[in-house]
Number of protein chains: 2
Amino acid sequence: MDRKYTIKDIAEMAGVSKGTVDRVLHKRGKVSDEALNKINEVLNVINYEPNLIARNLKNNKVYRICILLPDPEIDPYWKPCIKGIEDAVQEFRAYNFSIKTFFFNPESKKSFLKKNGAVLEMSPDAVLLPPLFHKEALEVVKKYEEQNVIVNIFNNQIQSDSIKSFVGQDLFHSGRVAAKLLDLLLKKGQIAVIHIDESIKNAIHMQEKERGFRNYFSERKNQDYTITTLKLKNPNVEINLTNFLNENPDLSGIFISTSKAYQIAKAISEIKDKKIAIIGYDLIENNVSYLNQGVIDFLIHQNQKKQTYLGVTSIIEFFLFDKQIPNTILLPIDIVNSENASFYIE
Amino acid sequence: MDRKYTIKDIAEMAGVSKGTVDRVLHKRGKVSDEALNKINEVLNVINYEPNLIARNLKNNKVYRICILLPDPEIDPYWKPCIKGIEDAVQEFRAYNFSIKTFFFNPESKKSFLKKNGAVLEMSPDAVLLPPLFHKEALEVVKKYEEQNVIVNIFNNQIQSDSIKSFVGQDLFHSGRVAAKLLDLLLKKGQIAVIHIDESIKNAIHMQEKERGFRNYFSERKNQDYTITTLKLKNPNVEINLTNFLNENPDLSGIFISTSKAYQIAKAISEIKDKKIAIIGYDLIENNVSYLNQGVIDFLIHQNQKKQTYLGVTSIIEFFLFDKQIPNTILLPIDIVNSENASFYIE
DNA sequence: ACTAATAATGTGTTCGAAAACATAAGAAAT
DNA sequence: ATTTCTTATGTTTTCGAACACATTATTAGT
């Protein structure tokens, strides 16, 4: 079973021409029952797999993929996504793909709608976007559907039959992971869940993470913990945090639901003789620095790069190889400490 | 820059025939300076990238890759590797590759040499193997070199110029990760490093991991810990462990360097009112079960599946797309607790 | 000056799938 | 019986790179 069968092989085996075989394979009719049977008999015996290289050489259509991405200049959280896209482009540069990224302002629904309008104008074959704004996202998804544009989403989930695939993390479980880590570190005491909300994208993330976090403890029915939620907004983070710490001298652990753990770490590290366990998100430079100093205990890696990489490559492989796109791709929730951080950063 | 330039395009632009362009591109000489200059001028302006689909269609050689794998029936540690190979085969089934796996007995150097002999007979284009036996591995690598067979290794590193690439984890750092986790959990006390050695493959792993583990603590110059090394061998693991525990009543943490943490966990879980932190390796069923019960605190995921997957795909992509194979591919050291384990298991 | 040798360049075929195009055979219509 | 239409089937071209093969131009040798 070394060499692969070709259409020509099948034609010879069935005693017909390759044109007829082609018609049978593509169910285009105009084939006599006799020829159909002969060919089917051959197909039942051998395992024909079309040579996708040859197919792609012939159908040398340029597939157009558009990606909507929040501007990393506005929110650096999205920066690794660009690398993910670049990696995908690089990997498939041999094939005919035209991949274009559109930046929108993650704090403006209007910007989101506007850039989607621009994408629609291009009538691409597929679109990848993070549906930050629920209502607006459903709106644009509907429009893409009407134009037969495949839509893949990443970062956060929204429900719509028109969406082909979602790539991201299970945020609820991500909260549970954080809870488990704090539980191990502390065993008891007062814990604060802190949301530092500088961008709307986090609204959904924050909720789900806190839900998972609290769910873990409520499941244990552990009475040794008290959990307090605190919402902070820049530029008053430091003042409000200091007040909170003064009011709660027994605080022993903090879970920060966004990538701004370093802001908390900075304040905490200035307090002498006080060890408060800190768990945050994302391997941005400031966070990793406090992780290495031992101020932050764990970071949870959200793998933004891989999200876009898989979002794009799954579309490409669908077009190239008819590979089915999974409905949901859940990335692992990576636990990072000072010792393994470097392996996740590139 | 939507459409790609072809050899025909270049020929037309330079006013020569595609045969001449081909000779220039492949540096096969027999080209006049005049023609060479004209073509180079064009090549300097445009960015020519050969269509790899067309190239592969023409050169439809069947590449032969052989993989040597310790028999998973003898040591289940290697079982996930099969899935990794299968995934790679599946992903590139459209291309002409013949991939064959040879099982050898991981406890027998003779078996290793014999199977390598069988592989050599096949004169494949590339080989992927875990160099479990240092001397023997160097021997076979030399033979492959003589026959111009590309050799990639995984699992553990050995030094040889004839080896194209290594995929695996940094075992030293993996030990440090474990140390950091125990440090966080305990802060002080007596720690045991336990090696349960049922297979020679672990010898190298065990050493490096312990070295990393101890290195972490020695770097901290932390006097609050005492670290003891314990070597256990089946079937006497349980008895010797019990003795050790009786002799060391203050033991507070255990680091198991192999995938047999569940054996320790079983014994510990039977002791009431005693919490000993346990860190082990590998997401095998027994381990995950004790992880979920809270007996094992963390498992470190060695990602065997991904090792073979990347080992194979990097070879394939080298043949198909001239993609350079990285000298070293270090996989992240994944920290696993009860809450994120499911995302690493398939 | 004419042939032989060599260098330079152009042309044609191949890979496998796809689809346009061409032809053959048979049935219906005049 | 001849033409027309339909249906089934076979043949050819296309995609781009690679390379074998064919052709032309140039120089060397007698």
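Reminder, nothing fancy here: chain letters follow the sequence lines and each chain counts from 1.
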Axis bend over the full length of the helix from C:dA1-D:dT30 to C:dT30-D:dA1, computed from five pairs that close each end, to 10 degrees: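 About 80° separates the two local helix axes.
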Given [options], identify the nucleotide with an atom nearest to the side chain of [X].
| X | options | answer |
| --- | --- | --- |
| A:A54 | D:dC19, C:dA17, D:dT9 | C:dA17 |
| A:D22 | C:dG16, C:dA19, C:dT9 | C:dA19 |
| A:T6 | D:dG16, C:dG16, C:dA18 | C:dG16 |
| B:K18 | C:dT9, C:dT13, D:dT13 | C:dT13 |

Would you say the side-chain atoms of [X] and [Y] include a donor-acceptor pair closer than 3.5 Å?
| X | Y | result |
| --- | --- | --- |
| B:D334 | A:Y344 | yes |
| B:N47 | B:Y5 | no |
| B:N51 | A:Y95 | no |
| A:Y309 | A:E91 | yes |

OP1 or OP2 of [N] under 4.0 Å from side-chain N/O of [X]:
| X | N | value |
| --- | --- | --- |
| B:S17 | C:dG10 | yes |
| B:Y48 | D:dA17 | yes |
| B:T20 | C:dG10 | yes |
| B:S32 | C:dA7 | no |

Rounded off to whole Å, could you give me the [atom1]-to-[atom2] distance for the [X] and [N] pair?
| X | N | atom1 | atom2 | value |
| --- | --- | --- | --- | --- |
| B:K8 | C:dT9 | NZ | P | 21 Å |
| B:D9 | D:dA17 | CG | C1' | 13 Å |
| B:I53 | D:dG16 | CD1 | P | 10 Å |
| B:I7 | D:dG16 | CD1 | C1' | 7 Å |
| A:R28 | C:dA17 | CZ | P | 13 Å |
| B:K30 | D:dC21 | NZ | C1' | 12 Å |
| B:K4 | D:dC15 | NZ | C1' | 14 Å |
| B:L36 | C:dA7 | CG | P | 17 Å |

Residue met sooner reading DNA chain C from 5', once A:P50 and B:R23 are mapped to nucleotides: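 On the 5' side of the pair lies B:R23.
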Residue whose closest nucleotide on DNA chain C lies nearer the 5' end, B:E34 versus B:L57: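 The residue closer to the strand's 5' end, by nearest nucleotide, is B:E34.
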A:D22 with A:R28: basic N within carboxylate O range, under 4.0 Å: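 So A:D22 pairs with A:R28 through a salt bridge.
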Under 3.5 Å donor-acceptor pair, A:K58 side-chain atoms to D:dG16 base atoms: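 In this structure, the two groups form no donor-acceptor pair.
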Ring centres under 6.0 angstrom apart (A:Y63, A:F97):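 So the answer is yes for these two rings.
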Centroid separation B:F133 to B:F112 less than 6.0 Å: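 Yes, the ring centres sit under 6.0 Å apart.
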Check: A:P124 main-chain N/O paired with A:Q147 side-chain donor or acceptor under 3.5 Å: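 A pair under 3.5 Å: no.
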